Amino acid sequence: MTRAILTKKKLVLSNAHRFISITNLSRCISTLILAEHESGSIKAQTVSTVVAANHLGESSSVSLLLAGSGSSLQEAASQAASCHPSVSEVLVADSDRFEYPLAEPWAKLVDFVRQQRDYSHILASSSSFGKNILPRVAALLDVSPVTDVVKILGSNEFIRPIYAGNALCRVRYTGAGPCVLTIRTTSFPVTPITESKKATISQIDLSKFKEDAVSRSRYVGQSTQDTERPDLGSARVVITGGRALKSVENFKMIEKLAEKLGGAVGATRAAVDAGYVPNDLQVGQTGKIVAPELYMAFGVSGAIQHLAGIKDSKVIVAVNKDADAPIFQVADYGLVGDLFEVIPELLEKLPEKK
Ligand SMILES: Cc1cc2nc3c(=O)[nH]c(=O)nc-3n(C[C@H](O)[C@H](O)[C@H](O)COP(=O)(O)OP(=O)(O)OC[C@H]3O[C@@H](n4cnc5c(N)ncnc54)[C@H](O)[C@@H]3O)c2cc1C
């Protein structure tokens, strides 16, 4: 009997605690964003994440956390300080331990920073970087993360797509700890910033930062393709080729067209699996999500998993020789024709890029 009453009391207490934390969330919002940076600049996805943070509430403060080492980190920090007027503070963790974005030390770092300054929200973009680190942060904090957020309705209410983007799910966060979110950055475009404001930059004192004695992961190397083309995730124009291209050689036509239009190259999973291009060019549910101004698909059937990655594109153009291909259901402009005739004609008729 006594035990039953005690359990009930506990429940009441935990509910009360939950109630207090939600109310606090809506009053005082302070957000920590795990920033992604490269060669001395922060990535466009991080700025979109800042835009998303501004939807959490009117009086919210936004801090950017940059980890890494050396002069390029300090350069990125100084750029981050003026990347958006709503950023109030840039926190810099400069150490060899963060030279490469390994989830173990980085998640520990986020927890370390959170212990010193209380944050109501912790955010990162839904890139491989964010998807690798933030769920680990959430587990360390014993909270459930809300991933791939496309709309923020309030400080604790979000919309996220499910079933390859075929349904939108409204999620209310009721956890007691910080709300951990990954943001689908194509849903939070950055409008041109006119106001110039510089946030304060503080170096984090890492003398008390402890890592596991034996780190379980180790950075071995990275293979990247050097290309002048814009980044697929944030390009204004994306030209995609599918299985119908038939070979690596033929796929070069897609690359030429992308070059002429100043766009990025994308591919379907079938084209990647066939070895025409590397898998970092895959667009779709298990690849990159894009939302360019112009998306052109050549020899792409429009499978549901591919459409999951392109639906938010402003204008979709499809060229396919099958008039019943599902891609035509989402295309703004469609041409039933053979891509081996259409692409050479386009290449011939488009003016040379200046
Ligand atoms: C769990 C899961 C996740 C997946 N994730 C992804 C993903 O992220 N991205 C993705 O793309 N796919 C993904 N897929 C695969 C997806 O289901 C399709 O198999 C794939 O998108 C098909 O690629 P495709 O359109 O290039 O090939 P196909 O479906 O074979 O279509 C080729 C098209 O080319 C047309 N064609 C042929 N010759 C010509 C020509 N000469 N000129 C013009 N048109 C021509 C044909 O009419 C056809 O419509 C996933 C599948 C699963 C099960």
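Each ligand, and each atom within it, is numbered from 1 in the order the structure gives. These figures come from a predicted structure and were not determined experimentally.
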Side-chain heavy-atom pair Asn166, Lys311 within 4.5 angstrom cut-off: yes

Indicate whether any N or O donor in one side chain lies under 3.5 Å from an N or O acceptor in the other, for Glu89 and Thr200. no

Which of the ligand 1 atoms, numbered from 1, are nearer than 4.0 Å to a heavy atom of Ala303: 16 (C), 17 (O), 18 (C), 21 (O)

Classify the ring geometry of His306 against Tyr295: parallel below 30°, tilted from 30° to 60°, perpendicular beyond 60°. tilted

Could you tell me which atoms of ligand 1, counted from 1 in the order shown, lie closer than 4.0 angstrom to a heavy atom of Gly287? 8 (O)

Nearest protein heavy-atom contact for atom 39 (C) of ligand 1: which residue, which atom, what distance? Ala244 CB, 3.5 Å

Would you check if the side chain of Asn156 reaches a backbone N or O of Thr174 as a donor-acceptor pair within less than 3.5 Å? no

Does the ring centre of Phe209 sit less than 6.0 Å away from the ring centre of Phe98? yes

His121 vs Phe158 aromatic rings, parallel, tilted or perpendicular, using cut-offs 30° and 60°? perpendicular

Please check whether Val319 reaches ligand 1 - meaning an N/O of the residue sits under 3.5 Å from an N/O of the ligand, judged on distance alone. no

So which protein heavy atom does atom 41 (N) of ligand 1 come closest to, and at what separation? Asp338 OD1, 2.9 Å

May I ask whether Gly337 has any heavy atom positioned less than 4.0 angstrom from an atom of ligand 1? yes

When you look for heavy atoms under 4.0 Å from ligand 1, do you find them on the side chain of Val283, its backbone, both, or neither? backbone

Take every heavy atom of Gly309, measure it against each atom of ligand 1, and state whether any distance is under 4.0 Å. no

Are any of the N/O atoms in Leu339 less than 3.5 Å from those in ligand 1? yes

Subset of ligand 1 atoms that lie under 4.0 Å from at least one heavy atom of Ala270: 22 (C), 23 (O), 24 (P), 26 (O), 27 (O)

Ligand 1 atoms nearer than 4.0 angstrom to some heavy atom of Gly299 are 26 (O), 32 (C), 33 (C), 34 (O), 44 (N)

Of Arg243, Lys321, Gln282, His306, the one whose closest heavy atom lies nearest atom 19 (O) of ligand 1 is Arg243

